[in-house]
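In listed order, ligands and their atoms are each counted from 1.
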Amino acid sequence: MSDRPVPRGPRLRTTLTLLAASALAGGVALAVAPSADAATTLGASAAATGRYFGTAVAANKLSDSTYVGILNREFNAVTPENEMKIDATEPQQNQFSFTNADRIVNHALAQGMKVRGHTLAWYSQQPGWMQSMEGSALRSAMINHITRVATYYRGKVFTWDVVNEAFADSGGGRRDSNLQRTGNDWIEVAFRTARAADPDAKLCYNDYNIDNWTWAKTQGVYNMVRDFKARGVPIDCVGLQSHFNSGSPYASNYRTTMESFAALGVDVQVTELDIEGSGQTQATTYANVVRDCLAVPRCNGITVWGIRDSDSWRASGTPLLFDGSGNKKAAYNSTLEALNAGGTTNPTTPPPTTPPTSPPTSPPVSPTPPTGTTPPPSGTGCTAAYTVNAWTGGFTATVKVSAGSAAVTGWAATLTLPSGSAVTNAWNAQATGSTGAVRFANVSYNGRIAAGSSTEFGFQGTGTPPTGTPACAAS
Ligand code: G3I
């Protein structure tokens, strides 16, 4: 996982040397010259704590020299504001367009900045063809989209917002959408698909109004992440969008939210920060957000949702760090000061826990509809239902193992691969053999399945996938 802070050392050292030299020339004691902890840009200051400081970028502003000047000077991460969304990257089904996203990615990488990908699955900003889809056709289209886009950007995007805004504004439950209506498991399918396509990217669930720990929506997402971690669904991170305003204000329990998610074993990223307001009040809130992130080791970094107030989706709320002319606001100064005050160091994040080790080497040609499904068992024992996503030369498969009317304490599912195919890796199961009949047995944490419940495992392979229903044996 490429989660190293972006090296900004040479520029920082040059700046400090010049400042120290001018301090001496002016007869000022060297002791007041900035230390290595007092970097002079947002990115360099964040990097000194092992974090990034990013901004949303719009491709059509890359010709604005003021905009690009601030971007290159201050930030060491970018998120395409709209250019990686589904309507932008797959405007017609199976016709992918990366031109505008590539403009941002290429600019960022040339500048040594990291790229956050936003977003692979979302109820909003779907292209027309997807908006009118439902059921298994939509599920397959989602899998295909995630696989193609994440594969295309493999090695360039360090973190993906895999799923965006899937929870309802109140009540703590899921938001209704065409994706949600494909089945409650659509989110975990999205994460497994993203992991298979890019095993090295950090995979986030991203949402707004999950900043305040006491809100039902926050609790809903927390429960989902806890469940995902318990069942081995590959999730690495929660993105707190953090659009703060009078209706959704910053709260002092924000740090508790970060700490609580981190305690589940996921990272936290502040993904779309903007704070409506002005002057010292706004500056103080920005500093509070920075302090909270720096206090939590698993808070990887902060992204603001635009550069100048005039670039904001909420421009009238003047929520950003630079005014419309590109001048630094009080909020900029307080943010930089808070970054330079330091905090916990963000350690290099460990690699994902369930990575397939052999990612697909070619894009999928056509997603395969669910195969091999069987109804839930009515008796004791277990059954297995099998879903596959295949492309030329490879496939990933998800197998759902269900207990019947009695709990099982262990299980094994067997599938037979066609000649020439091989399993390259598995997650949430122990594979015996790699060709022919391959047996997948439970691992320590998912052997027990309550009566009527189920668990899932996955595997990846080369060649063509197995067909037919997996045999399931309970113990
Ligand atoms: O580019 C077209 C332009 O050609 C056309 O004339 C104009 C007419 O409306 O629309 C322009 O596209 C707009 C696009 O922003 C670029 O400015 C879209 O209409 C507009 O809907 C789109 O809004 C974006 C919004 O997401 C859409 O949901 C905002 O820029 C973007 O900042 C915002 O970002 C979201 C995050 O993705 C998710 N979290 C919330 C956040 C704020 O809404």
Side-chain angles (χ1 to χ4, degrees), residues 54-64 67 71 75 77-91 97-101 103-105 115-128 130-131 145-146 149 153 157 159-169 174-175 177-180 187 190 203-212 215 217-218 220-221 237-250 268-277 289 301-322 324:
T55 179
V57 165
N60 64 7
K61 290 181 181 155
L62 289 174
S63 53
D64 176 333
Y67 182 88
L71 170 63
F75 297 96
V78 303
T79 305
E81 187 174 359
N82 289 298
E83 294 77 355
M84 283 186 177
K85 292 174 180 174
I86 313 171
D87 58 354
T89 50
E90 195 179 354
S97 171
F98 298 114
T99 310
N100 284 328
R103 289 174 63 198
I104 297 173
V105 170
V115 179
R116 288 193 89 259
H118 173 82
T119 176
L120 294 170
W122 190 18
Y123 76 89
S124 181
Q125 281 184 276
Q126 293 180 358
M130 186 180 271
Q131 288 176 30
H145 180 84
I146 293 171
V149 177
Y153 282 113
V157 165
T159 291
W160 271 109
D161 288 334
V162 177
V163 171
N164 196 40
E165 301 174 0
F167 275 72
D169 287 337
R174 297 284 183 87
R175 172 194 297 277
S177 71
N178 59 349
L179 288 165
Q180 180 62 32
I187 298 180
L203 305 181
C204 294
Y205 175 79
N206 191 51
D207 214 329
Y208 62 88
N209 285 358
I210 58 168
D211 318 292
N212 188 321
W215 288 16
K217 186 172 178 180
T218 311
V221 173
C237 158
V238 172
L240 307 178
Q241 291 188 6
S242 306
H243 294 291
F244 292 125
N245 52 48
S246 57
S248 178
Y250 167 85
V268 179
Q269 298 179 359
V270 180
T271 54
E272 303 181 15
L273 179 63
D274 49 23
I275 303 170
E276 292 193 42
V289 169
I302 296 172
T303 298
V304 288
W305 205 240
I307 296 179
R308 300 161 300 197
D309 284 335
S310 50
D311 300 317
S312 170
W313 69 299
R314 285 178 169 165
S316 62
T318 62
L320 295 173
L321 300 176
F322 297 87

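- When distances from atom 16 (C) of ligand 1 to the protein are checked, a heavy atom turns up under 4.0 Å.
- The closest approach between a heavy atom of H118 and any atom of ligand 1 is below 4.0 Å.
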_Under the criterion side-chain contact (heavy atoms from CB on, under 4.5 Å), I'd like the reasoning laid out for Q126 against N178: C-alpha separation, chi angles, the key distance, then a yes or no._
CA-CA 10 Å; Q126 293 180 358; N178 59 349; 2.9 Å; yes

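- Heavy-atom minimum distance, A166 versus I187: CB-CD1, 3.6 Å.
- A 4.5 Å side-chain heavy-atom check between F75 and I307 finds at least one atom pair inside the cut-off.
- For atom 33 (C) of ligand 1, the nearest non-hydrogen atom of the protein is K85 NZ, 3.6 Å.
- Electrostatic pairing of R308 and D64 counts as a salt bridge here, judged by a charged N lying under 4.0 Å from a carboxylate O.
- Of all protein heavy atoms, the one lying nearest to atom 32 (O) of ligand 1 is E81 OE2, 2.4 Å.
- A side-chain hydrogen bond (donor to acceptor under 3.5 Å, both in side chains) with T159 holds for exactly one of H118, R116, Q269; it is Q269.
- Within a 4.0 Å radius of atom 42 (C) of ligand 1, the protein contributes one or more non-hydrogen atoms.
- Put simply, the side chain of S242 gets close to the backbone of L240: a donor and an acceptor are under 3.5 Å apart.
- In terms of protein heavy atoms, atom 40 (C) of ligand 1 is closest to E272 OE1, 3.2 Å.
- Applying the 4.0 Å criterion to heavy atoms of Q241 picks out, from ligand 1, the atoms 38 (C), 39 (N), 40 (C).
- Within a 4.0 Å radius of atom 4 (O) of ligand 1, the protein contributes no heavy atom.
- With contacts defined as side-chain heavy-atom distances shorter than 4.5 Å, the pair Y153/V115 does not qualify.
- Of the protein's non-hydrogen atoms, the one nearest atom 28 (O) of ligand 1 is Q125 OE1, 3.0 Å.
- Within the 4.0 Å heavy-atom criterion, the part of N164 lying near ligand 1 is the side chain and not the backbone.
- Within the 4.0 Å cut-off (strictly below), no protein heavy atom is located near atom 9 (O) of ligand 1.
- For N82, every heavy-atom contact with ligand 1 shorter than 4.0 Å involves the side chain, none the backbone.
- You'll find the side chain of E83 stays beyond 4.5 Å of the side chain of V105, heavy atoms only.
- Here the shortest heavy-atom pairing between A58 and I104 reads C-CD1, 4.2 Å.
- Shown here, atom 12 (O) of ligand 1 is out of close reach of the protein: none of its heavy atoms lies under 4.0 Å off.
- For the residue pair E165/S124, the side-chain donor-acceptor check at 3.5 Å is not satisfied.
- Less than 4.0 angstrom separates atom 26 (O) of ligand 1 from at least one non-hydrogen atom of the protein.
- Contact annotation: for W305 versus ligand 1, heavy atoms closer than 4.0 Å belong to the side chain alone.
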